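This report refers to the structure that appears directly beneath it.
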Number of protein chains: 2
Amino acid sequence: MLSITSVFARLKAVKSNKPASKAPKKQTRDLEKSRKEILDVAFMEVFTRGFQGVSIDDIVKKTSLTKGAFYHQFPTKLDFGYALVEEVISPMIIDRWITPLEQFDNPLDGILKQMKNLIGNAPPAHLKLGCPLNNLVQEMSPIDKGFHKRLQTALQLWIDETEKHLKRAKANGYLKTNVNTKQVAQFVVMAHEGFYGMLKGLDDPKAFHALYNVLEKYFEVISHH
Amino acid sequence: MLSITSVFARLKAVKSNKPASKAPKKQTRDLEKSRKEILDVAFMEVFTRGFQGVSIDDIVKKTSLTKGAFYHQFPTKLDFGYALVEEVISPMIIDRWITPLEQFDNPLDGILKQMKNLIGNAPPAHLKLGCPLNNLVQEMSPIDKGFHKRLQTALQLWIDETEKHLKRAKANGYLKTNVNTKQVAQFVVMAHEGFYGMLKGLDDPKAFHALYNVLEKYFEVISHH
DNA sequence: TTGACAACATACTAACTAGTATGTTAATGT
DNA sequence: ACATTAACATACTAGTTAGTATGTTGTCAA
């Protein structure tokens with residue numbers, strides 16, 4: 001049984017759950033829970049085979065539900081894809097790449113350390129799948145406007161949240177005052193996508209360290225010491 | 001030999017029914033020519049809609065040929081995809097990103113200038129399509145071994161050829177002697193893919209300059225002056 | 001308790017898909 | 001000049017696809 005959390009062990013449970021939990025009500029029908037189950041299963045399917053490469057029949061077959069439930073949640077396959085971006089992938093980015101930075105006094109260290117944790121130490125089997133967001137950007141952004149819009153929003157969120165921490169780095173005196181935080185934030189997110197894309201294409205496990213070293217050196221250049 | 005010099009310029013180009021320039025070689029059947037026509041048309045289709053998003057019927061419909069010709073050339077859709085990578089995309093990378101560097105005494109300048117030419121000055125409509133190689137890497141690399149192998153070869157070619165010019169840069173005294181040319185070559189190719197992916201996702205035309213400036217600054221750090 | 005409706009399940013369809021089977025014709029060697 | 005075959009064209013198939021039509025049942029307010 002594949003789930004998001006089993007793949008990304010560090011990913012905490014996100015999103016809402018059912019209303020106030022009083023008595024253990026044995027619900028056999030729960031709209032939100034069903035939506036979560038579908039999106040959870042579908043995430044892995046789309047992640048591994050692409051949006052166009054996955055059929056709705058495939059998804060529901062891996063679910064405890066049926067096609068009726070699917071189309072009760074999502075009017076069309078595209079709408080389902082939009083929900084994937086907004087309700088699964090976007091929160092995941094925050095959880096994996098932004099929230100952890102809060103623990104670092106120097107966000108630059110946090111960015112590097114997190115890259116090492118989540119990319120450098122990832123098993124090759126995971127690296128071959130790339131980045132869920134980047135995959136969808138490359139595949140669906142030019143094909144469908146609705147996708148493009150939502151993927152753009154997700155990317156911009158990542159950039160904006162990264163910049164907040166870079167501003168904090170500047171305020172804390174780690175970052176030189178003349179560096180353009182917006183530029184660096186864009187570059188950092190670009191590097192994430194580029195790293196993922198590269199490691200997906202190449203098989204060389206040493207490639208990460210090569211890329212990482214370059215980024216590290218760049219960070220030194222823009223840092224006070 | 002396929003030499004697609006300006007693929008991007010022929011977004012709207014019609015098929016080139018070139019009458020023989022010299023001897024009136026009025027061939028109505030030409031295996032190589034047919035292969036070229038199919039791959040040429042198919043490249044744009046796959047480029048815009050993805051490999052899985054394009055059907056063989058779609059492709060042949062945009063061709064002067066039919067399905068019979070297609071399957072006479074390619075045993076299966078996958079084999080056709082492999083040919084796309086090897087016969088169209090790989091030569092394109094060399095044409096667009098490697099060969100132009102020969103004209104530069106300082107290859108680092110050439111890399112930056114070429115990025116500005118082919119990415120920075122590209123019309124937004126083209127940027128939205130991303131990079132043909134990167135698109136296929138993200139979409140097909142985890143799905144099919146044959147694709148993965150050939151895409152990896154193409155990427156490695158790009159890296160290796162880039163490194164050759166970086167070594168030349170070092171020999172010419174432009175690059176500091178202590179820099180690892182292989183690392184930098186990997187980073188440069190990663191940056192290309194990252195740039196493309198980023199600009200595909202975002203709509204901001206200024207994003208290129210932000211990314212470019214960072215890369216330029218990094219090049220200064222590793223350069224003699 | 002009982003409608004009433006939300007949350008499903010099941011069965012179906014029209015369109016599309018990769019691939020095949022088989023026919024047709026242009027080129028080529030002899 | 002003609003038989004052979006490579007280079008196609010045409011017609012078809014079995015399987016898949018997104019989406020729909022319609023039936024069933026759990027849940028809850030009154």
Side-chain angles (χ1 to χ4, degrees), chain A residues 16-42 45-46 48-84 139-140 143-144 146-147, chain B residues 15 17 19-20 23-42 45-46 49-84 139-140 143-144 146-147:
Chain A
S16 59
N17 20 30
K18 24 185 192 173
S21 52
K22 299 176 172 182
K25 274 170 69 179
K26 187 108 186 281
Q27 287 256 66
T28 63
R29 291 187 174 185
D30 188 326
L31 190 66
E32 279 188 35
K33 207 176 166 188
S34 296
R35 187 182 187 88
K36 194 179 183 322
E37 183 185 352
I38 292 172
L39 285 175
D40 203 26
V41 166
E45 291 298 301
V46 172
T48 53
R49 293 157 54 192
F51 183 78
Q52 296 183 105
V54 145
S55 74
I56 290 159
D57 285 318
D58 288 337
I59 293 172
V60 297
K61 220 165 276 174
K62 297 209 167 192
T63 297
S64 69
L65 304 158
T66 65
K67 214 168 202 178
F70 184 95
Y71 278 98
H72 187 64
Q73 298 271 357
F74 313 105
T76 151
K77 195 191 180 188
L78 280 175
D79 288 293
F80 145 72
Y82 302 160
L84 245 193
E139 183 188 2
M140 296 307 298
I143 294 177
D144 179 77
F147 253 112
Chain B
K15 57 185 179 185
N17 270 340
K25 219 176 139 192
K26 204 165 139 202
Q27 287 258 64
T28 63
R29 290 185 176 186
D30 187 325
L31 189 67
E32 279 188 36
K33 206 175 168 189
S34 296
R35 187 182 187 87
K36 191 181 182 328
E37 183 184 353
I38 292 172
L39 285 175
D40 205 24
V41 165
E45 291 297 301
V46 171
R49 294 158 53 193
F51 183 77
Q52 296 183 104
V54 145
S55 75
I56 290 160
D57 286 317
D58 288 337
I59 291 171
V60 297
K61 220 166 276 174
K62 296 210 166 191
T63 297
S64 69
L65 304 158
T66 65
K67 215 169 199 175
F70 184 96
Y71 278 98
H72 187 65
Q73 299 272 355
F74 313 106
T76 151
K77 195 192 178 187
L78 280 174
D79 288 293
F80 145 73
Y82 302 161
L84 246 192
E139 183 189 2
M140 296 308 298
I143 295 177
D144 179 77
F147 254 111

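Please read all numbers here as calculations on a predicted model, not as lab measurements. Proteins get letters first, then strands, A, B, ... in listed order; numbering begins at 1 in each.
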*asked:* Check the phosphate of D:dG26 against A:Gln27, side-chain N and O only, distance under 4.0 Å to OP1 or OP2. Yes or no?
replied: no

Quick one: does any side-chain atom of A:Glu45 pair with a main-chain N or O of A:Asp58 as donor and acceptor, under 3.5 Å? no

CG of B:Leu31 to NE2 of B:His72, rounded to nearest 0.5 Å, is 5.5 Å

Value for CD1 (B:Ile56) from CD1 (B:Ile38), rounded to nearest 0.5 Å, stands at 10.5 Å

In 5'-to-3' order, the base (B), backbone-only (S) or no-contact (-) status of each nucleotide in nucleotides 8-21 of chain C, using a 4.0 angstrom heavy-atom cut-off, is SBB------SBBB-

Counting N and O atoms only, with roles assigned by atom type, does the side chain of A:Glu139 sit under 3.5 Å from a partner on the main chain of A:Phe51, one being a donor and the other an acceptor? yes

From NZ of B:Lys33 across to P of C:dA26 the rounded distance in Å is 16 Å

Distance col, row B:Leu84:CG vs B:Met140:CE, nearest 0.5 angstrom, shows 11.5 Å

A:Lys36 NZ to C:dA7 P, in whole Å, measures 18 Å

